[in-house]
Every structure is written in C-alpha cells, then in structure tokens.
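So the structure is just underneath, and the comments pick up after that.
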Amino acid sequence: MDSDTIAAVATPAGAGGIGVVKISGPRAIPIALPLLHPSRELSRLRSHRLYYGSVIDPETEKYIDEVLLTVMRAPHTYTREDVVEIQAHGSRCGLRAILELVLKQGARLAEPGEFTRRAFLNGRIDLSQAEAVIEVVNAQTAEGLELAARQLKGHLFEVVEEVRGPIETMLVEVEAAIDFPEDVEDIICPEVFAQRMTQDVIRSLEELLEHYDEGHVYREGVAVIIIGRPNVGKSSLMNRLLQKERSIVTAVPGTTRDFIEEVVNIEGVPIRLIDTAGLHDTDNALEAAGIGFTRERLDEAGLVLFMVDCSMPLSDEDLQIYNMVRNRKTILVINKIDLGDYSIVRRIIEQLEGLSWVEISALYNRGLEKLKAAVFREVTDQRGPADLCSIVPNLRHKVAIDKALRASRDAVEGFRTGRPAELLAVDLKEALDALGEIIGVTATEEILDQVFSRFCIGK
Ligand code: GDP
C-alpha cells in the first residue's frame, strides 16, 4: 500500500461555482487541518461531515477562500484511505493556491488516475470498475453512461467471477491429477469436464462477445470521417450535424485546413465527426500536411462519408477519392441536391458504383435525417437499437475474453481427446489468467498503466 499522501484539484480547469481539492493518504487530515480557520482539533472532527471555514496560509496568514471541508476517515472512502475534500469557489487561482498550501504541508501531487488506482489497489473496486470511472466521467451519451454505470456497479466483475469459478475448480482437480497420476481416472471425468466447460464458461464468454458486438459503439463511439474535394460542402454538413457554426464555410476551395473533430449523438451512439482538408494536389505546405494526415485518419475511421457535389459532373479528383474509399465502409453523400439535375445524379451513382448513397442539401437542410439513419445503420451493423440492459465489455475486455475463449475451447478439445493433465492445466490457467486481466487480479503493471493513463489528474 502507498504510504504517501497525495493531492490534486479534482474539478475541471476553468471557472465554476465550486471547485474541489482532494487529499488522500495517511496524513490527509493533519495536512489539511492547519489550513482551516477557525482551527479545529483533529480528534473532534467527525467523519463524513461538512465543516465550514476559511483557508488561510499558516505562514503568511493570507486569506485564500471561504470553504467547506469534509473529513472522511478510512476505510469508508473512495480510496479506502483517509480523505479530505476542500470545497472552495471554482477559481483556478484560488484552487491552485489551496493545492500549493496542501503540497507545502507535505502532500505530493497525485498522478493521473492515482486516486482511483489506490481504490483498486486497496481492494475497494476491481479493475473493470476503475475503468468504468473514466467512462462515466467521459460518457458522451445517456446510453454510453448507462453501460458504464452498470460496469461501475460491478456487474461485469460478477459475470467474470462467475465464469472464473468453475475454471478454478477444474484447475484444482486437474492439478490433483498431476500430483496423483495413478488416480487420474478417478479425478478427471473428461465428458463431465468438457460439458461443464462448455455450459458454464464458453457460453457465457460467447454471450459477452455478442454484447460487445452489439453495444460497444455506444461506449466507445465511432470515428466518422467526411471526405470530398474542396467546396463540395463538407463543412456545411459538419455544421448541420453539429447544429452550430464550427467549421469555416467559404466558397474558396481548401479552407478547412485543420482537422475538426466533434462529437455528435446519433441515437445514443457518440459519433466523432472528422472534417478533412480536401484530398487534392497542392503547393500549400500546410494543406499538404493536412492531406497526409487525412489518409491516416481514413485508416482509423469506422465509416467514411464520401461527399460529392451534384451541381456539376464528377471531376478526376472525385474519382481519385472514390478509388481511395471504395473498399472501405463508405456512404456516398450526394450534396447540393437543390442544384443538381436528375441526369447528373444518375450518372454519379453509375460512376461511383458499389456505394450506398444518400442525397442531401446541406445548405437547405434536406435529407439530413436520412443520412443520420444511414450512419446509425452502418455503425451498428444494420442492427436496431441495442439491448442496453446487457453487460457490454470494452475493447480491452474483448481482447481478454477472446484469449480466454480460445484457451477454454482448447481445454474442451483436450478433455475430449484425452490430453495429459499437464497440458489441460496450461489451457485452464491461460483462460483463468486472461479473465483475471479484466478484473485486475492478474493484470500486469503495463495493463494498469494503460488503463490509468486514460485518466486525468484528480480522478
Ligand atoms: P467544403 O470545402 O467541402 O468544406 O465546402 P463548404 O461547406 O465550405 O461549402 C462550399 C460552398 O458550397 C459554400 O458556399 C456553401 O454555402 C455551398 N454549399 C454547401 N452545401 C450546399 C448545398 O447543399 N446547396 C448549395 N446550393 N450550396 C451548398
């Protein structure tokens, strides 16, 4: 267990009604108390109560802010350590001044995610719950929040434990068979073991993977890239979808030089919309940099919106872009339908064969609902609204579940073909360890760092 005391501003940067400085560790209370006026005796402070006062620099006696202070004694706290929270006004300077005083008193600045990491290391939550904290904080849609909140309550942990149980039991028995080879036949009944593995382990894992397929986009969102030559109306579409003037719309080609990425909620799926600089030859270095970047972003995107302008026939540039996107998951967005005549639209559809298309007018707000429906269908793989009552693993969990599933299937195969107990134990252990990575019991430092690096300071 860490023995130092950590502190950080727990509320976002910027001005707000209130802001919180959080302190956790064995010296949290003695560090905070000398800052509070009127002064109070440590032994008199009751846990989980609010105390009103002011923070004053004990050295200079400078008044900093009016505050409410909460003392929470271990173990009934977020980290299971002593925790003090100082609620001050949400002024950046004021909070920084309080934090500096706290650090001067002997606390150390917390690393990103360190409060939650301590909650995990001290056994209050498992790794999947720790991960859920950051997902709850970052949730972009009500649906994403619901899934993360369910994980925070420990539902995924329960399912994983339920699956680990039978594997553990079987492993104990298989290990007994290794120790007492003469009794192997009494200890291992291959048919029963194979059946138990299939019923109690493999089915549950397959179900979790199904839930991943159905629901992960609600949690993780999808990157959707809008691509097309300059002036086809990409920024206009972006603005329509976001319902605000964020991209600069102009009639001069190539003005969207930077990538603009914003999240829009389409039926509960957080869609990260990326507007791009046009893919075209250019002498402008800035624009060229943007174009190289476009190709990279294309590779990351879950869906491409390839936009063309139907007020004129397709150009070579349109066709070049078509060649880049035709083998990706793409919707052809035929824009400026207010100006286009039917013969041009038909010709475009013929030339850009193989793509499903939607006709819109970004300027006059036509066809946008159809486009959103098409985007939703594509990113959810044509499924209707997901059953959000299920437990939906995230990508890290999915990788571990895949591993566990492979090992479990190998074990079943091993039982059926009478593989030696030593090899069966290897498969069972592998499945167990993979599942342990999800809840953290077998997670390496590397995995922990990967999980907690997504946090910011103060969580
Ligand atoms: P981008 O370069 O692809 O981002 O294109 P912009 O969004 O900047 O649009 C270029 C020009 O086309 C602007 O003058 C827009 O007002 C105009 N425009 C965009 N969409 C439409 C549309 O649906 N109909 C018409 N008539 N003009 C449009």
Side-chain angles (χ1 to χ4, degrees), residues 223-264 266 271-298 301 303-326 328 330-349 351-352 355-375:
V224 174
I225 190 163
I226 307 177
I227 201 164
R229 65 173 172 75
N231 244 20
V232 291
K234 298 182 296 297
S235 309
S236 307
L237 172 63
M238 184 94 172
N239 290 339
R240 275 286 168 216
L241 291 172
L242 297 170
Q243 293 168 333
K244 59 185 172 190
E245 295 291 317
R246 172 72 165 74
S247 313
I248 319 148
V249 178
T250 133
V252 184
T255 43
T256 314
R257 298 220 171 102
D258 280 324
F259 283 81
I260 295 168
E261 182 172 327
E262 294 233 29
V263 176
V264 51
I266 296 186
I271 301 284
R272 292 196 309 281
L273 274 182
I274 305 163
D275 185 7
T276 61
L279 280 178
H280 56 106
D281 294 328
T282 174
D283 297 331
N284 184 318
L286 226 169
E287 226 169 67
I291 292 161
F293 197 42
T294 300
R295 290 175 196 269
E296 264 172 42
R297 301 306 290 268
L298 257 182
L303 175 66
V304 178
L305 298 184
F306 169 31
M307 197 170 206
V308 296
D309 173 348
C310 69
S311 67
M312 58 184 88
L314 292 178
S315 69
D316 285 348
E317 208 175 345
D318 290 314
L319 295 171
Q320 276 169 18
I321 299 174
Y322 169 62
N323 281 328
M324 274 179 68
V325 301
R326 60 191 299 183
R328 302 171 191 263
T330 302
I331 298 175
L332 171 63
V333 181
I334 303 175
N335 190 34
K336 306 195 188 180
I337 202 76
D338 52 296
L339 300 178
D341 76 58
Y342 183 64
S343 61
I344 296 188
V345 173
R346 205 177 52 196
R347 175 96 183 98
I348 288 176
I349 293 166
Q351 279 178 289
L352 306 182
L355 301 181
S356 63
W357 78 92
V358 178
E359 294 164 33
I360 69 161
S361 167
L363 189 63
Y364 294 105
N365 202 8
R366 277 160 49 187
L368 270 293
E369 288 309 313
K370 258 196 197 144
L371 176 60
K372 281 193 215 167
V375 169

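Start at 1 and go down the list; that is how both ligands and their atoms are numbered. Remember, predicted model here, so these are calculated numbers, not experimental data.
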Taking R240 for its side chain and L363 for its backbone only, find out whether a donor-acceptor pair lies under 3.5 Å.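 Checked: pair present.
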Report yes or no: does K234 contribute a side-chain atom to a donor-acceptor pair with the main-chain N or O of G228 at less than 3.5 Å?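 Yes: the side chain of K234 pairs with the backbone of G228.
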Check D318 against F306 and note the closest heavy-atom contact, atom names and distance.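 Shortest heavy-atom separation between D318 and F306 comes out as O-CZ, 3.4 Å.
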Least distance between heavy atoms, I334 atom then C310 atom: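 Minimum heavy-atom contact is CG2-CB, 3.5 Å.
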Evaluating non-hydrogen atoms only, which member of [options] is closest to [atom]?
| atom | options | result |
| --- | --- | --- |
| atom 12 (O) of ligand 1 | K336, R240, M238, R229 | K336 |
| atom 3 (O) of ligand 1 | E359, R366, K234 | K234 |
| atom 26 (N) of ligand 1 | D338, N239, I360 | D338 |

Have a look at ligand 1 and work out which part of [X], if any, has a heavy atom under 4.0 Å from it: side chain, backbone, both or neither.
| X | value |
| --- | --- |
| L339 | side chain |
| I337 | neither |
| P230 | backbone |

Working to the nearest 0.5 Å, report the span between CG of D309 and CG of L339.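 The distance works out to 7.5 Å.
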To the closest 0.5 Å, what do you measure between CD1 (I360) and NZ (K372)? 11.5 Å
Pull out every atom of ligand 1 sitting under 4.0 Å from any heavy atom of N335, numbered as shown with elements.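 Every atom of ligand 1 under 4.0 Å from some heavy atom of N335: 19 (C), 20 (N), 21 (C), 23 (O).
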